[in-house]
Amino acid sequence: MSGGATAPVLLVALGGNALIQKDQAGTIAEQLANLQEPMAQIARLSRNHRLLITHGNGPQVGSLLLQQECCAELPRLPLEILVAQTQGQIGYLIESSLDNQLMALGLELWQPLVSLISYVVVDQDDPAFQHPDKPIGPVLSAGQAAAAPYAVMQTAKGWRRVVASPRPLTIVEKREIRRLIAMDFIVICCGGGGIPVIREGRHFAGVDAVIDKDLASACLAREVGVDIFCMATDVPGVALDYGQPGQRFLRELSLVRARAYLADGQFHPGSMGPKVRAALNFLEAGGQRALICSTQEIEAALAGRAGTHFSKD
Ligand code: ADP
Ligand code: MG
(Lines give C-alpha, C1' and ligand atoms only; values in the text may rest on other atoms or scores of the structure.)
(Ligands and ions follow the chains in the order given, each with its own letter.)
Protein backbone atom coordinates (compact mmCIF):
# COMPACT_ATOMS: atom_id res chain seq x y z
CA MET A 1 0.00 0.00 0.00
CA SER A 2 1.32 3.43 -0.88
CA GLY A 3 2.59 6.00 1.56
CA GLY A 4 -0.73 7.75 2.26
CA ALA A 5 -1.47 11.38 3.01
CA THR A 6 0.93 11.68 5.96
CA ALA A 7 3.91 9.82 4.46
CA PRO A 8 6.99 11.94 3.69
CA VAL A 9 7.29 13.21 0.12
CA LEU A 10 10.48 11.78 -1.40
CA LEU A 11 11.89 13.22 -4.63
CA VAL A 12 14.32 10.92 -6.44
CA ALA A 13 16.27 12.69 -9.21
CA LEU A 14 17.67 9.99 -11.50
CA GLY A 15 20.80 10.70 -13.49
CA GLY A 16 20.50 10.56 -17.28
CA ASN A 17 24.07 9.28 -17.13
CA ALA A 18 23.01 6.48 -14.80
CA LEU A 19 20.60 5.14 -17.46
CA ILE A 20 23.51 4.79 -19.88
CA GLN A 21 26.59 3.63 -18.02
CA LYS A 22 30.18 4.40 -18.89
CA ASP A 23 31.33 2.53 -22.02
CA GLN A 24 27.77 1.52 -23.00
CA ALA A 25 26.36 2.34 -26.45
CA GLY A 26 23.05 3.40 -24.90
CA THR A 27 20.68 0.83 -26.46
CA ILE A 28 17.15 0.63 -25.07
CA ALA A 29 17.94 -2.86 -23.74
CA GLU A 30 20.87 -1.40 -21.76
CA GLN A 31 18.77 1.45 -20.40
CA LEU A 32 15.97 -0.92 -19.35
CA ALA A 33 18.50 -3.21 -17.64
CA ASN A 34 20.06 -0.25 -15.84
CA LEU A 35 16.64 0.82 -14.56
CA GLN A 36 15.86 -2.53 -12.89
CA GLU A 37 17.73 -1.96 -9.63
CA PRO A 38 16.73 1.68 -8.99
CA MET A 39 13.09 0.89 -9.87
CA ALA A 40 13.01 -2.15 -7.56
CA GLN A 41 14.19 0.15 -4.77
CA ILE A 42 11.70 2.90 -5.63
CA ALA A 43 8.86 0.35 -5.70
CA ARG A 44 9.77 -0.77 -2.15
CA LEU A 45 10.09 2.86 -1.02
CA SER A 46 6.57 3.60 -2.31
CA ARG A 47 5.24 1.60 0.65
CA ASN A 48 6.11 4.39 3.07
CA HIS A 49 6.79 7.48 0.93
CA ARG A 50 4.84 9.62 -1.48
CA LEU A 51 7.07 9.71 -4.53
CA LEU A 52 8.17 12.13 -7.19
CA ILE A 53 10.68 11.05 -9.83
CA THR A 54 12.65 13.41 -12.04
CA HIS A 55 15.30 12.36 -14.52
CA GLY A 56 18.18 13.69 -16.57
CA ASN A 57 18.58 13.37 -20.33
CA GLY A 58 22.15 14.45 -21.14
CA PRO A 59 23.25 11.36 -23.09
CA GLN A 60 19.79 10.84 -24.66
CA VAL A 61 19.18 14.40 -25.87
CA GLY A 62 22.71 14.56 -27.27
CA SER A 63 22.07 11.33 -29.20
CA LEU A 64 18.83 12.75 -30.66
CA LEU A 65 20.75 15.84 -31.82
CA LEU A 66 23.37 13.66 -33.49
CA GLN A 67 20.69 11.47 -35.08
CA GLN A 68 19.09 14.44 -36.80
CA GLU A 69 22.42 15.83 -37.92
CA CYS A 70 22.98 12.51 -39.71
CA CYS A 71 19.89 13.17 -41.87
CA ALA A 72 20.19 16.18 -44.18
CA GLU A 73 16.78 15.71 -45.91
CA LEU A 74 14.52 16.46 -42.94
CA PRO A 75 14.14 19.76 -41.07
CA ARG A 76 16.17 20.07 -37.87
CA LEU A 77 14.12 20.06 -34.68
CA PRO A 78 14.96 22.66 -32.03
CA LEU A 79 16.45 21.52 -28.73
CA GLU A 80 13.24 22.18 -26.79
CA ILE A 81 11.43 19.64 -28.98
CA LEU A 82 14.20 17.11 -28.39
CA VAL A 83 13.89 17.67 -24.62
CA ALA A 84 10.14 16.99 -24.97
CA GLN A 85 10.98 13.78 -26.87
CA THR A 86 13.28 12.63 -24.07
CA GLN A 87 10.53 13.30 -21.49
CA GLY A 88 8.38 10.91 -23.49
CA GLN A 89 10.97 8.22 -24.10
CA ILE A 90 12.59 8.18 -20.65
CA GLY A 91 9.22 8.67 -18.92
CA TYR A 92 8.01 5.59 -20.75
CA LEU A 93 11.08 3.53 -19.77
CA ILE A 94 10.78 4.58 -16.11
CA GLU A 95 7.02 4.11 -15.97
CA SER A 96 7.06 0.64 -17.51
CA SER A 97 10.04 -0.53 -15.40
CA LEU A 98 8.51 0.80 -12.21
CA ASP A 99 5.12 -0.73 -13.05
CA ASN A 100 6.80 -4.15 -13.42
CA GLN A 101 8.50 -3.76 -10.06
CA LEU A 102 5.28 -2.65 -8.36
CA MET A 103 3.55 -5.70 -9.87
CA ALA A 104 6.29 -7.95 -8.48
CA LEU A 105 5.41 -6.59 -5.03
CA GLY A 106 1.65 -6.83 -5.68
CA LEU A 107 1.34 -3.04 -5.33
CA GLU A 108 0.31 -2.01 -8.83
CA LEU A 109 -3.39 -1.67 -8.03
CA TRP A 110 -2.65 0.58 -5.05
CA GLN A 111 -0.05 2.76 -6.56
CA PRO A 112 -1.10 4.79 -9.62
CA LEU A 113 1.67 6.21 -11.78
CA VAL A 114 1.75 9.12 -14.19
CA SER A 115 4.42 10.83 -16.30
CA LEU A 116 3.87 14.45 -17.07
CA ILE A 117 5.17 16.64 -19.86
CA SER A 118 6.60 19.57 -17.87
CA TYR A 119 7.62 23.11 -18.79
CA VAL A 120 10.19 25.02 -16.76
CA VAL A 121 10.44 28.81 -17.06
CA VAL A 122 13.86 30.43 -17.58
CA ASP A 123 14.97 34.06 -18.04
CA GLN A 124 15.69 34.95 -21.66
CA ASP A 125 18.55 37.19 -20.43
CA ASP A 126 20.16 34.38 -18.41
CA PRO A 127 23.96 34.72 -18.95
CA ALA A 128 24.12 30.94 -19.59
CA PHE A 129 22.87 31.60 -23.15
CA GLN A 130 26.26 33.23 -23.85
CA HIS A 131 28.28 30.54 -22.02
CA PRO A 132 27.15 26.98 -22.83
CA ASP A 133 28.43 24.56 -20.13
CA LYS A 134 25.94 21.66 -19.99
CA PRO A 135 27.49 18.45 -21.41
CA ILE A 136 25.20 16.35 -23.60
CA GLY A 137 25.67 13.33 -25.87
CA PRO A 138 28.55 10.87 -26.01
CA VAL A 139 32.16 11.41 -24.97
CA LEU A 140 34.21 12.61 -27.98
CA SER A 141 37.79 11.80 -28.93
CA ALA A 142 40.23 14.74 -28.97
CA GLY A 143 40.11 14.63 -32.79
CA GLN A 144 36.28 14.67 -32.91
CA ALA A 145 36.23 17.54 -30.39
CA ALA A 146 38.70 19.61 -32.45
CA ALA A 147 36.64 19.13 -35.64
CA ALA A 148 33.18 19.57 -34.05
CA PRO A 149 31.01 22.32 -35.59
CA TYR A 150 29.46 23.04 -32.16
CA ALA A 151 30.66 24.09 -28.69
CA VAL A 152 32.63 21.40 -26.80
CA MET A 153 34.19 21.29 -23.36
CA GLN A 154 36.58 19.06 -21.42
CA THR A 155 34.42 17.42 -18.66
CA ALA A 156 35.11 14.91 -15.87
CA LYS A 157 34.24 12.18 -18.43
CA GLY A 158 36.24 13.64 -21.38
CA TRP A 159 35.39 15.97 -24.28
CA ARG A 160 31.64 16.52 -24.79
CA ARG A 161 29.28 18.77 -26.69
CA VAL A 162 27.91 21.56 -24.50
CA VAL A 163 24.68 23.60 -24.70
CA ALA A 164 23.26 26.55 -22.78
CA SER A 165 21.82 25.63 -19.40
CA PRO A 166 19.84 28.55 -17.94
CA ARG A 167 18.70 28.60 -14.31
CA PRO A 168 15.17 27.24 -13.72
CA LEU A 169 12.82 29.85 -12.24
CA THR A 170 9.52 28.00 -11.78
CA ILE A 171 7.77 24.77 -12.78
CA VAL A 172 4.69 25.59 -14.85
CA GLU A 173 2.72 22.48 -13.74
CA LYS A 174 3.43 22.82 -9.99
CA ARG A 175 -0.28 23.01 -9.05
CA GLU A 176 -1.12 19.90 -11.04
CA ILE A 177 1.83 18.04 -9.48
CA ARG A 178 0.73 19.05 -5.96
CA ARG A 179 -2.77 17.75 -6.70
CA LEU A 180 -1.41 14.46 -8.06
CA ILE A 181 0.77 13.91 -4.97
CA ALA A 182 -2.20 14.69 -2.72
CA MET A 183 -4.13 12.03 -4.68
CA ASP A 184 -1.28 9.57 -3.98
CA PHE A 185 0.07 9.30 -7.53
CA ILE A 186 3.72 8.53 -8.15
CA VAL A 187 4.59 11.45 -10.45
CA ILE A 188 7.38 11.38 -13.05
CA CYS A 189 7.98 14.98 -14.09
CA CYS A 190 10.54 17.67 -15.03
CA GLY A 191 12.30 15.11 -17.23
CA GLY A 192 15.58 16.35 -18.68
CA GLY A 193 15.26 19.44 -16.47
CA GLY A 194 11.93 20.32 -18.10
CA ILE A 195 11.12 21.84 -21.48
CA PRO A 196 12.84 25.25 -21.28
CA VAL A 197 10.41 28.11 -21.93
CA ILE A 198 10.42 31.89 -21.56
CA ARG A 199 7.37 34.02 -20.85
CA GLU A 200 6.01 36.06 -23.72
CA GLY A 201 3.14 38.04 -22.27
CA ARG A 202 0.61 35.46 -21.12
CA HIS A 203 2.18 32.75 -23.27
CA PHE A 204 5.28 30.58 -23.16
CA ALA A 205 7.80 30.05 -25.94
CA GLY A 206 10.37 27.26 -26.07
CA VAL A 207 14.10 28.13 -26.10
CA ASP A 208 17.24 26.36 -27.29
CA ALA A 209 18.68 25.02 -24.03
CA VAL A 210 18.80 22.07 -21.64
CA ILE A 211 18.10 22.89 -18.00
CA ASP A 212 20.08 20.96 -15.39
CA LYS A 213 17.67 18.44 -13.92
CA ASP A 214 19.09 18.74 -10.39
CA LEU A 215 18.51 22.51 -10.30
CA ALA A 216 15.03 21.99 -11.79
CA SER A 217 14.40 19.29 -9.15
CA ALA A 218 15.39 21.69 -6.34
CA CYS A 219 12.95 24.23 -7.78
CA LEU A 220 10.22 21.57 -7.98
CA ALA A 221 11.02 20.38 -4.44
CA ARG A 222 10.60 23.91 -3.11
CA GLU A 223 7.42 24.60 -5.06
CA VAL A 224 5.52 21.39 -4.26
CA GLY A 225 6.83 20.80 -0.70
CA VAL A 226 9.23 17.85 -0.77
CA ASP A 227 10.58 16.43 2.52
CA ILE A 228 13.53 14.36 1.23
CA PHE A 229 15.51 15.23 -1.91
CA CYS A 230 17.66 12.34 -3.17
CA MET A 231 19.90 12.76 -6.23
CA ALA A 232 20.86 9.33 -7.56
CA THR A 233 23.74 9.21 -10.01
CA ASP A 234 26.64 7.10 -11.30
CA VAL A 235 29.06 7.75 -8.42
CA PRO A 236 28.66 6.83 -4.70
CA GLY A 237 28.33 10.49 -3.62
CA VAL A 238 30.30 13.72 -3.42
CA ALA A 239 34.10 13.36 -3.50
CA LEU A 240 36.90 15.76 -2.74
CA ASP A 241 39.78 15.81 -5.24
CA TYR A 242 37.57 13.79 -7.59
CA GLY A 243 39.55 11.81 -10.19
CA GLN A 244 42.85 12.58 -8.46
CA PRO A 245 45.06 10.30 -6.33
CA GLY A 246 43.72 11.74 -3.05
CA GLN A 247 40.03 11.26 -4.05
CA ARG A 248 37.74 10.60 -1.07
CA PHE A 249 33.95 10.34 -0.89
CA LEU A 250 32.19 12.23 1.89
CA ARG A 251 29.45 10.70 4.08
CA GLU A 252 28.44 14.09 5.47
CA LEU A 253 28.77 17.60 4.09
CA SER A 254 27.73 20.75 5.96
CA LEU A 255 26.23 23.67 4.04
CA VAL A 256 29.16 25.89 5.08
CA ARG A 257 31.73 23.43 3.74
CA ALA A 258 29.70 22.74 0.61
CA ARG A 259 29.69 26.47 -0.22
CA ALA A 260 33.46 26.69 0.40
CA TYR A 261 34.25 23.61 -1.76
CA LEU A 262 32.02 24.96 -4.54
CA ALA A 263 33.90 28.27 -4.49
CA ASP A 264 37.13 26.27 -4.46
CA GLY A 265 36.19 24.46 -7.72
CA GLN A 266 35.93 20.96 -6.17
CA PHE A 267 32.81 20.14 -8.21
CA HIS A 268 32.68 20.24 -12.01
CA PRO A 269 30.31 22.97 -13.28
CA GLY A 270 28.17 20.74 -15.56
CA SER A 271 27.85 17.68 -13.30
CA MET A 272 28.51 17.57 -9.53
CA GLY A 273 28.45 21.39 -9.23
CA PRO A 274 24.71 21.72 -9.94
CA LYS A 275 23.93 18.74 -7.65
CA VAL A 276 25.63 20.42 -4.68
CA ARG A 277 24.03 23.76 -5.59
CA ALA A 278 20.62 22.04 -5.84
CA ALA A 279 21.06 20.56 -2.34
CA LEU A 280 22.02 24.00 -1.00
CA ASN A 281 19.04 25.70 -2.72
CA PHE A 282 16.64 23.10 -1.31
CA LEU A 283 17.91 23.23 2.29
CA GLU A 284 18.24 27.02 2.32
CA ALA A 285 14.58 27.24 1.22
CA GLY A 286 13.53 25.16 4.26
CA GLY A 287 13.88 21.60 2.87
CA GLN A 288 14.52 18.92 5.52
CA ARG A 289 16.93 16.42 4.01
CA ALA A 290 19.13 16.28 0.90
CA LEU A 291 21.47 13.50 -0.21
CA ILE A 292 23.49 12.39 -3.24
CA CYS A 293 24.10 8.67 -3.81
CA SER A 294 24.52 6.00 -6.47
CA THR A 295 21.43 4.66 -8.26
CA GLN A 296 22.31 1.24 -6.79
CA GLU A 297 22.22 2.51 -3.19
CA ILE A 298 19.10 4.66 -2.84
CA GLU A 299 17.62 2.60 0.03
CA ALA A 300 20.97 2.20 1.79
CA ALA A 301 21.55 5.95 1.50
CA LEU A 302 18.09 6.78 2.88
CA ALA A 303 18.93 4.48 5.82
CA GLY A 304 22.16 6.45 6.34
CA ARG A 305 24.51 3.66 5.21
CA ALA A 306 25.64 5.15 1.87
CA GLY A 307 25.81 8.40 -0.07
CA THR A 308 26.64 11.95 0.94
CA HIS A 309 24.24 13.61 3.39
CA PHE A 310 23.98 17.38 3.70
CA SER A 311 23.79 18.77 7.22
CA LYS A 312 22.46 22.25 7.98
CA ASP A 313 25.11 23.30 10.54
P1 ADP B 1 23.72 12.81 -13.78
O2 ADP B 1 23.21 12.36 -15.09
O3 ADP B 1 23.48 11.84 -12.67
O4 ADP B 1 23.29 14.21 -13.40
P5 ADP B 1 26.40 13.95 -14.03
O6 ADP B 1 27.41 13.47 -14.99
O7 ADP B 1 25.74 15.27 -14.29
O8 ADP B 1 25.31 12.78 -13.90
O9 ADP B 1 27.01 14.01 -12.56
C10 ADP B 1 27.72 12.89 -12.02
C11 ADP B 1 29.19 13.00 -12.37
O12 ADP B 1 29.80 14.07 -11.65
C13 ADP B 1 30.05 11.83 -11.99
O14 ADP B 1 29.97 10.79 -12.94
C15 ADP B 1 31.46 12.44 -11.92
O16 ADP B 1 32.15 12.19 -13.14
C17 ADP B 1 31.20 13.94 -11.83
N18 ADP B 1 31.89 14.65 -10.74
C19 ADP B 1 32.49 15.84 -10.89
N20 ADP B 1 33.02 16.28 -9.74
C21 ADP B 1 32.74 15.33 -8.80
C22 ADP B 1 33.00 15.20 -7.41
N23 ADP B 1 33.65 16.16 -6.73
N24 ADP B 1 32.56 14.10 -6.76
C25 ADP B 1 31.90 13.12 -7.42
N26 ADP B 1 31.61 13.18 -8.76
C27 ADP B 1 32.02 14.27 -9.44
MG1 MG C 1 23.84 16.01 -14.34
Side-chain angles (χ1 to χ4, degrees), residues 11-24 26 31 34-35 37-38 53-63 83 86 90 93-94 128 132-139 153-163 165 167-168 190-194 209-219 229-253 257-281 290-298 301 306-310:
L11 165 57
V12 180
L14 277 177
N17 288 296
L19 297 185
I20 301 177
Q21 291 169 5
K22 202 171 178 304
D23 302 326
Q24 288 187 333
Q31 297 190 59
N34 294 336
L35 277 171
E37 182 53 36
I53 302 171
T54 60
H55 60 83
N57 70 350
Q60 295 83 354
V61 79
S63 298
V83 173
T86 63
I90 303 174
L93 294 180
I94 291 177
D133 73 345
K134 163 90 182 156
I136 61 167
V139 175
M153 194 183 263
Q154 180 72 265
T155 71
K157 295 185 169 80
W159 285 101
R160 286 177 79 188
R161 182 177 198 156
V162 283
V163 295
S165 192
R167 200 163 55 86
C190 292
V210 178
I211 302 170
D212 184 89
K213 69 100 179 32
D214 295 309
L215 294 175
S217 300
C219 190
F229 178 20
C230 173
M231 287 170 267
T233 184
D234 58 358
V235 284
V238 180
L240 292 182
D241 298 325
Y242 180 75
Q244 291 162 44
Q247 166 182 305
R248 56 216 180 273
F249 282 93
L250 305 173
R251 178 51 51 85
E252 206 182 291
L253 182 53
R257 281 181 189 274
R259 271 185 222 110
Y261 293 143
L262 258 179
D264 205 28
Q266 281 283 348
F267 315 126
H268 285 251
S271 56
M272 191 48 75
K275 285 187 203 302
V276 173
R277 228 174 262 288
L280 287 173
N281 291 352
L291 53 145
I292 297 176
C293 64
S294 112
T295 43
Q296 310 304 311
E297 295 181 317
I298 299 171
T308 301
H309 299 254
F310 288 82

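Numbering of ligands and ligand atoms starts at 1, following listing order. Owing to the predicted nature of the structure, the values given are computational and were not obtained by experimental measurement.
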Proximal atoms of ligand 1 relative to Phe267 (non-hydrogen, under 4.0 Å): 23 (N)
Using a 4.0 Å cutoff against the non-hydrogen atoms of Val235, which atoms of ligand 1 qualify? 13 (C), 14 (O), 26 (N)
Testing the basics here: between Ile90 and Leu19, what is the closest heavy-atom pair and its distance to 0.1 Å? CG2-CD1, 3.5 Å
Please report which non-hydrogen protein atom sits nearest to atom 5 (P) of ligand 1, along with the residue it belongs to and the distance in Å to one decimal place. Asn17 ND2, 3.5 Å
Atom 1 (P) of ligand 1: closest protein heavy atom, distance to 0.1 Å, is Lys275 NZ, 3.4 Å
Please check whether Ala232 reaches ligand 1 - meaning an N/O of the residue sits under 3.5 Å from an N/O of the ligand, judged on distance alone. no
Are the side chain of Gln266 and the backbone N or O of Asp241 linked by a donor-acceptor pair below 3.5 Å? yes
Closest protein heavy atom (residue, atom, distance) for atom 17 (C) of ligand 1: Ser271 OG, 3.5 Å
Hey, does Leu240 come in under 3.5 Å of ligand 1, counting only N/O atoms on both sides? no
So, using side chain to side chain donor-acceptor pair (under 3.5 Å) as the criterion, who are the partners of Thr308 when residues are at least two apart? none
A student checking ligand 1 against Gly16 at a 4.0 Å heavy-atom cut-off should list atoms 2 (O)
Gln247 to ligand 1, any heavy atom closer than 4.0 Å: no
Close-contact set for ligand 1 against Gly237 heavy atoms, below 4.0 Å: 25 (C)
Counting from 1 in the order shown, the ligand 1 atoms closer than 4.0 Å to a non-hydrogen atom of Ala156 are 16 (O)
Under 3.5 Å donor-acceptor, His309 side chain and Ala306 backbone: yes
Return the residue, atom name and 0.1 Å-rounded distance of the protein heavy atom closest to atom 6 (O) of ligand 1. Lys157 NZ, 2.8 Å
Shortest non-hydrogen contact from Gly237 to Met272? O-CE, 3.7 Å
Is the side chain of Arg248 donor-acceptor paired with the backbone N or O of Gly246 at a distance under 3.5 Å, no angle test? yes
Any side-chain to backbone donor/acceptor pair from Arg160 onto Gly137? Under 3.5 Å, distance only. yes
Nearest protein heavy atom to atom 22 (C) of ligand 1, by residue and atom, and its distance? Tyr242 CB, 3.4 Å
Looking only at protein heavy atoms, which one is nearest to atom 3 (O) of ligand 1, and how far off is it? Thr233 OG1, 2.6 Å
heavy-atom search around atom 13 (C) of ligand 1 in the protein gives Asp234 OD1, 3.4 Å
If you look at every heavy atom in Cys293 and Gly307, which pair is closest and at what distance? CB-CA, 3.8 Å
Minimal heavy-atom distance between Ala13 and Phe229, with the atoms involved, is CB-CE1, 4.2 Å
Lys134 and side chain to side chain contact (heavy atoms under 4.5 Å, CB included): which single residue from Thr155, Asp212, Ile211, Val61 fits? Asp212
Between Gln24 (side chain) and Gln21 (backbone), is there a donor-acceptor pair under 3.5 Å? yes
Atom 27 (C) of ligand 1: the protein heavy-atom neighbour that sits closest, reported with distance to 0.1 Å: Met272 CB, 3.6 Å
Using a 4.0 Å cut-off to any heavy atom of Ala239, which atoms of ligand 1 qualify? 22 (C), 23 (N), 24 (N), 25 (C)
Under 4.0 Å from one or more heavy atoms of Gln266, ligand 1 contributes atoms 23 (N)
